[in-house]
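Presented below is the structure to which this report refers.
In what follows, every chain begins at residue 1, and chains take the letters A, B, ... in the order their sequences are listed. When reading the values below, keep in mind they use all heavy atoms of this one structure, side chains included, and skip hydrogens, waters and symmetry mates.
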Amino acid sequence: MRPVVWVPADAAAVAAGADEVAAAFAAAGATVRRNGSRGMLWLEPLVEIETPAGRIGYAACTPEEVAAVLEGSRESIGLVEAHPWLTYQDRVTFARVGRIEPADLTAYQLHGGLLGLRRALTLDPAAVVAEVTASGLRGRGGAGFPTGVKWETVRTAAGEVKFVCANADEGDSGTFADRMLIEGDPLSLIEGMTIAAYAVGAHEGFVYVRSEYPHAIAALRRAIAVATDAGILGASVLGSGFAFTLEVRVGAGAYICGEETSMLDSLEGKRGEVRAKPPIPALQGLFGAPTIVNNVLSLATVPMILADGGAAYAARGIGRSRGTQVFQLAGNIARGGVVEVPFGVPLRTLVEDWGGGTRSGRPVKALQVGGPLGAYVPATQLDLVAGYEELAAAGAMLGHGGIVVFDDTMDAAAMARFAMEFCAKESCGKCTPCRIGSTRGVEVIDRIRVGPPESRAAEVELLQDLCLTMERGSLCAMGGLTPLPVRSALTHFPEDFGGSR
Amino acid sequence: MPGSSAAPPTAPPASRADRVRALATDRLTLRGPLLPILHAVMDEFGWIAEEDLPIIADVLNLSRADVHGVVTFYHDFRRTPPPAHRVQICRGEACQAVGAQGLYEAATDRFADDTTIEVAEVFCLGNCALGPSGTIDGHLLGRLTLDRIDAAAAGWSR
Ligand SMILES: Cc1cc2nc3c(=O)[nH]c(=O)nc-3n(C[C@H](O)[C@H](O)[C@H](O)COP(=O)(O)O)c2cc1C
Ligand code: SF4
Ligand code: FES
């Protein structure tokens, strides 16, 4: 019998040489299947061989080792699904990622796919929204707005034409869960969007994917074609008579297009400038029509909520953070990747137990949680638990769940400067505090870092004023939250700015 | 149409202007067709030329200034022909945590005098657990080093 070998087609695995490994297995006569990544990214390319007992993993496999793997003489990590990195997780949104081929509809259904959509189609649209509301699901794109509330606004909005848009711009550095979900289980996003469309009466959907994600774009287009052929998308979704079609749109290298109104303008073919709110997109969104804009993870979680009921999801988590969060461990980390667990996990557990500390082996100095607009959390606060309100109370932000680890060689002033530089480069330019303030911020931090010590206190005060102006005077969170990483760096690491603790 | 059946076996190559017009016209039925059109021009030619703008504007019934405004807003839409080779290095925070800033500066220096190689910054490629990340001629790479970039460049005829 030909051996069956799984080699991830996830971009991170491909970057580590997975395509060459897959070709070598095919040349050696194996049947090669291309799954998504299990999320244990430090082990990529993680090859799995099917055995009667389950899939056995071979970490960091190279083309030269193919023969040894097939003979069984190469060291393995044992049964992949018994690996503690996975068994201690609670995978809901990522349940299928890494286990199936991304466009394999049969495998998708064997692992619970389409149950949510089938059930939704038997319910009244209002009941579908009610289920999502009951789950407590909050938007995973960063703002944490209750998804059910947003959907209800769109559902009850007047309008013949409505849209569902998935935000797959994932511009935050240190985040890659949207990408991995789309590459590993794109049908779950498609199913979630179809449920959303049915719930609000939309017949057209768009997925806005950033251009930096060519693998995800290809995987999604393929899955849409498969879903269309199978009648999951099209004139009559699963024979229900409800029509829904889906189109992929590609971004063009602008971070601000992850902000929902900027994304809508970009979809309309305009400059991606942020719109003033109100009107909110739920009432006047794409081409002025009521529009759902949700993050990829929010939408991809909906099928499970419909299949198992909102209560099953809401049973997980802490406080007002219900369900699971897909954390992404990044930066200077020994074991980086995706950890999906209920809200309430301490940051320390994520960074030390899952992540294994820094890759460099040096002490952790800080984490940046929640992307480039998120705060720097010092190592002394590693016992904070991850929840929306819990982090906010400590002056930090969960954002899209990215955790970037820095060791003690980090220069907090340089990172604060970078936050301002990034804002200056990626500002949409609509408001002055963000557009001009960020450039001034770079200059002030430069003067703090290299200027004469006697003027330092005055410059720091100027920086604080600038942060306040940006925070208060910016139209969106780009200018409004850039002060968060800057101030947190200054507060926790004054010595990096030439001051004393 | 007389003579249409007698078209020469190898049609003369279409001019850039004709191709741009065709790429735009093909996408007219899309909602919000401008970005898909600009991507199509990028995919075919690798850059967007000044003379493409009035053609696209004409097909979409927009002003040339409108199209210009959109093209200049997005980093991806380059207005000059692409270099023979392109290296992108991620300067996102996760990559900076593992030395990306030094790598970016070193690579920029290394190829500063070489007009056939462009070193560009990029902010996150979604490979943040295995940084520093970058691309070499469009291929995503993790744990990137200057040696690996040098090794790739050594194979390029310059
Ligand atoms: C500067 C900026 C960038 C953003 N980038 C993203 C992004 O890349 N992906 C995303 O889903 N949301 C992003 N958001 C949040 C969106 O505006 C919006 O809140 C979200 O897409 C709504 O979906 P959700 O409720 O499911 O989170 C960004 C917001 C701002 C201000
Ligand atoms: S804060 Fe910045 S990005 Fe946001 S609208 Fe204003 S200028 Fe644009
Ligand atoms: S920050 Fe460099 S790949 Fe994400």
Side-chain angles (χ1 to χ4, degrees), chain A residues 11-12 14-16 41-42 44 170-176 178-180 204 206 211-216 247 249-255 266-273 286-287 328-333 336-337 359-360 368 371-372 402 404-407 410 414-415 418 422 425-426 428, chain B residues 27 30-40 42-43 48 56 60 62 66-78 88 90-102 120-136 138-144 148:
Chain A
V14 169
L41 292 174
W42 78 99
E44 296 293 356
E170 198 166 64
D172 287 0
S173 58
T175 67
F176 42 83
D178 296 349
R179 176 185 69 65
M180 287 185 59
E204 284 178 67
F206 292 91
S211 61
E212 292 84 350
Y213 284 0
H215 300 85
E247 211 181 295
R249 286 297 172 87
V250 180
Y255 175 75
S266 185
L267 279 169
E268 292 180 7
K270 301 176 189 155
R271 295 162 65 87
E273 280 174 9
L286 190 60
F287 300 106
Q328 300 127 81
L329 304 182
N332 196 333
I333 185 116
R359 192 200 294 173
S360 62
Q368 189 180 27
V404 174
V405 179
F406 290 81
D407 74 10
M410 168 213 191
M415 298 317 297
F418 177 75
F422 182 71
K425 284 194 166 135
E426 297 298 326
C428 85
Chain B
R27 287 162 181 76
L30 297 179
R31 287 190 191 267
L34 183 48
L35 259 70
I37 290 170
L38 294 172
H39 275 303
M42 285 293 299
D43 288 346
I48 291 166
I56 296 168
L60 295 187
L62 292 171
D66 284 338
V67 178
H68 181 266
V70 172
V71 170
T72 52
F73 183 84
Y74 297 95
H75 298 301
D76 281 3
F77 299 139
R78 58 181 305 141
Q88 285 179 306
C90 175
R91 288 185 66 224
E93 284 90 342
C95 288
Q96 287 204 37
V98 285
Q101 185 61 21
E121 66 181 7
V122 59
F123 298 111
C124 196
L125 295 161
N127 193 28
C128 328
L130 301 173
S133 302
T135 66
I136 297 182
H139 292 283
L140 179 65
L141 295 165
R143 297 193 171 164
L144 195 55
R148 277 180 80 184

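Only the side chain of A:Gln368 has a heavy atom closer than 4.5 Å to any heavy atom of chain B. Heavy atoms closer than 4.5 Å to chain A are found in the side chain of B:Arg143, but not in its backbone. At a 4.5 Å heavy-atom cutoff, the contact between A:Leu41 and chain B is made by backbone and side-chain atoms alike. The parts of B:Val70 that come within reach of chain A are both its backbone and its side chain, each placing non-hydrogen atoms under 4.5 angstrom from that chain. If you measure heavy-atom distances from A:Gln328 to chain B, you find no contacts under 4.5 Å at all. Both the backbone and the side chain of A:Ser266 have a heavy atom closer than 4.5 Å to some heavy atom of chain B. No part of B:His139 comes within reach of chain A, as not one of its non-hydrogen atoms sits under 4.5 angstrom from that chain.
Taken from CD in B:Gln96 to CZ in A:Phe418, the straight-line distance is 5.0 Å, to the nearest 0.5 Å. To the nearest 0.5 angstrom, A:Met415 atom CE is 8.5 Å from B:Gln101 atom CD. Put simply, CG on B:Leu140 and CD on A:Glu212 are 11.0 Å apart, with the number rounded to the nearest 0.5 Å. The NZ atom of A:Lys270 lies 10.0 Å from the CG atom of B:Asp66; values are rounded to the nearest 0.5 Å.
Residues that satisfy the side-chain hydrogen bond (donor to acceptor under 3.5 Å, both in side chains) test with A:Asp172, not counting sequence neighbours, are A:Tyr255.
Of the listed residues (A:Gly337, A:Gly371, A:Ala216, A:Pro372), the greatest number of heavy-atom pairs within a distance under 4.5 Å of chain B belongs to A:Pro372. Among A:Glu273, A:Arg359, A:Met410, A:Arg179, the residue with the largest count of heavy-atom pairs under 4.5 Å with chain B is A:Arg359. Among the candidates A:Ala254, A:Gly251, A:Ala414, A:Gly171, the residue making the largest number of heavy-atom pairs closer than 4.5 Å to chain B is A:Gly251. Here A:Ala252 is the residue among A:Ala252, A:Pro214, A:Gly269 with the most heavy-atom pairs under 4.5 Å with chain B.
When all heavy atoms of A:Cys428 and B:Phe73 are compared, the closest pair comes out as O-CE1, 4.0 Å. B:Leu35 approaches A:Val250 most closely through the heavy-atom pair CD2-O, 4.2 Å. In plain terms, the two heavy atoms of A:Gly174 and B:Cys124 that are nearest each other are N-SG, 4.1 Å. Nearest heavy atom pair, residue A:Ala330 against residue B:Ala94, reads CB-CB, 4.0 Å.
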Please report, to 0.1 Å, the donor-acceptor pairs under 3.5 Å made by any side chain of residues 126-133 of chain B, with sequence neighbours excluded.
from: B:Ser133; atom 1: OG; to: B:Asn127; atom 2: O; distance (Å): 2.9

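Between A:Phe422 and B:Phe123, the ring planes are perpendicular. Angles over 60° get that label, and only those under 30° would be called parallel.
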*Start with the C-alpha gap between A:Glu247 and B:Arg31, add the side-chain angles, then the distance that decides, and say whether salt bridge (charged side-chain N to carboxylate O under 4.0 Å, His left out) holds.*
CA-CA 10 Å; A:Glu247 211 181 295; B:Arg31 287 190 191 267; over 6 Å; no
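For A:Arg249 (side chain) and B:Gly32 (main-chain N/O), a donor-acceptor pair under 3.5 Å exists by modelled atom type. Side chain of B:Tyr74 to backbone of A:Gly272: a donor-acceptor contact under 3.5 angstrom is found.
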